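Below is one structure, written out as structure tokens; the observations come after it.
Both backbone and side-chain heavy atoms feed into the values below; hydrogens, waters and symmetry mates do not. Letters A, B, ... are given to chains in the order of the sequence lines, protein chains preceding strands, and every chain is numbered from 1. All values derive from a computational prediction rather than experimental measurement.
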There are 2 protein chains.
Amino acid sequence: MAHIGTNENAQAASPSLPKPDVLSPDCPSRAILQHVTSRWGTLVLIVLDAKVLRFSDLKRRIGGVSDRMLAQTLQVLEADGLILRHAFDVVPPHVEYRLTPLGAEVSNRVLSLASLIEANLPQFLSQRPKRPAAAQTVR
Amino acid sequence: MAHIGTNENAQAASPSLPKPDVLSPDCPSRAILQHVTSRWGTLVLIVLDAKVLRFSDLKRRIGGVSDRMLAQTLQVLEADGLILRHAFDVVPPHVEYRLTPLGAEVSNRVLSLASLIEANLPQFLSQRPKRPAAAQTVR
DNA sequence: TGATGTACTTCCCTTTTTGTACGTACTTCC
DNA sequence: GGAAGTACGTACAAAAAGGGAAGTACATCA
């Protein structure tokens, strides 16, 4: 399908543009991908799908986020041009968040991924207790 | 499209199955999503797309992974039933990794997300220097 | 009058993640 | 004969991520 794994981690001399490749550590596309797939970034994009929400709305919908993390995530996503922030200059603060066109496309992909996982959860869980899954960094 | 944000963070009393929702912090689906969207998990799934690769192949293709992280990521993904590990009992170790059918589906979604980002990289980068993007955790 | 809600920011501290280096057991290549 | 390659496990330590509490400025509600 796509042609992602084409240039093997190469960042070789290129006259104009290096051709984006998430597989090479220094390609900016990898950073964007990280933002989108970050712990809270993913959920923000999902929740914001085709909606306009305020900070507190987002917080209520995304179970477990802290103020600090939500704010930070929103800033990163805004800087990447995925979401738009609209602040009204009123006394009790009122800020609205929505997806940009590009953000909407990204959101769709993320949403389809999440839906796939939710739909197959039973299958995932069924094969869980195969091996103890190598306790990571035992404490 | 999908029906994800349906039950608002609810984990209320349900007779049988709680209905998967990545938005509720304790739903197992969120954990799976995290594995899939983890820093290296995403790249492993992309690289493994319709291929059979050995540990060292994976390491070479995924720029920047350390042995430890790659091994750990592979174990988690295997435990989730997304990839299959086949070890040959030979003297210089020989192990092959490939996607399970479910893993292949997940891989496709991830791949489409990554492709979208790569394809729009210029657009992402163009609007970058808007605001200093709020230096996170200033040191 | 006092509590509540809004949208964050900042500080401080704990938890988690990640990297580096080393060891293994044996074979093949130079 | 020594170097390199294979597929990890483990210990140690640095770096990053994350949580919690407090503060702001004012208006509305009871």
Problem - Salt-bridge present (Arg60(A), Asp57(A); N to O < 4.0 Å) - result: yes

Practice task
Side chain of Pro93(A) only, please: which of dA7(D), dT6(C), dA27(D) is the nearest?
Solution key: dT6(C)

Problem - Asp57(A) CG to dA7(C) C1', straight-line distance once rounded to whole Å - result: 12 Å

Practice task
Respond yes when some side-chain nitrogen or oxygen of Gln75(A) is under 4.0 Å from OP1 or OP2 of dT9(C), and no when none is.
Solution key: yes

Exercise for the section: Could you tell me the separation between the CD atom of Gln34(B) and the C1' atom of dT17(C), rounded to a whole number of Å? Expected result: 13 Å

Exercise for the section: Measure from the side-chain heavy atoms of Ser66(B) and tell me the nearest of dG19(C), dC26(C), dG18(D). Expected result: dG19(C)

Completion exercise
Scanning all shown strands, the Watson-Crick or wobble mate of dT17(C) with both distances under 3.5 Å is dA14(D)

Problem - Side-chain N or O of Arg85(B) closer than 4.0 Å to phosphate OP1/OP2 of dC8(D) - result: yes

Exercise for the section: Would you tell me if any nitrogen or oxygen in the side chain of Arg60(B) comes within less than 4.0 Å of OP1 or OP2 on dT6(D)? Expected result: yes

Fill in the blank from the handout: Taken to the nearest 0.5 Å, the spacing of Leu111(A) CG from Glu118(A) CD works out to 8.5 Å

Practice task
Starting from C1' on dA7(D), measure out to NE2 on His94(B) and report it in whole angstrom.
Solution key: 11 Å

Handout entry: Strand partner of dT10(C), provided both Watson-Crick or wobble distances fall under 3.5 Å
Key = dA21(D)

Completion exercise
Between Ala71(B) and Pro92(A), the residue closer to the 5' end of DNA chain D by nearest nucleotide is Ala71(B)

Problem - Thr100(B) side chain to Leu82(B) backbone, donor-acceptor under 3.5 Å - result: yes

Handout entry: Phosphate-side-chain proximity, Ser56(B) and dT6(D), N/O vs OP1/OP2 below 4.0 Å
Key = yes

Problem - Atom-pair distance (CG on Leu70(A); C1' on dA17(D)), nearest Å - result: 15 Å

Completion exercise
Met69(A) CE to dA21(D) C1', in whole Å, measures 15 Å

Exercise for the section: May I ask you to evaluate whether Arg68(B) reaches the phosphate of dT20(C), defined as a side-chain N or O under 4.0 Å from OP1 or OP2? Expected result: no

Exercise for the section: Determine yes or no for a side-chain-to-main-chain donor-acceptor pair under 3.5 angstrom, with Thr73(A) supplying the side chain and Trp40(A) the backbone. Expected result: no

Exercise for the section: May I have the distance from Glu96(A) (atom CD) to dA7(C) (atom P), rounded to whole angstrom? Expected result: 9 Å

Problem - Sugar-phosphate, base or nothing in reach of Phe88(A), heavy atoms under 4.0 Å - result: nothing

Practice task
To the nearest Å, give me how far apart CD (Gln72(A)) and P (dG19(D)) are.
Solution key: 10 Å

Exercise for the section: Using whole Å, report how far CZ of Arg39(A) lies from P of dT16(C). Expected result: 10 Å

Practice task
Would you confirm whether Thr42(A), through its side chain, and Val36(A), through its main-chain N or O, come within 3.5 Å as a donor-acceptor pair?
Solution key: yes

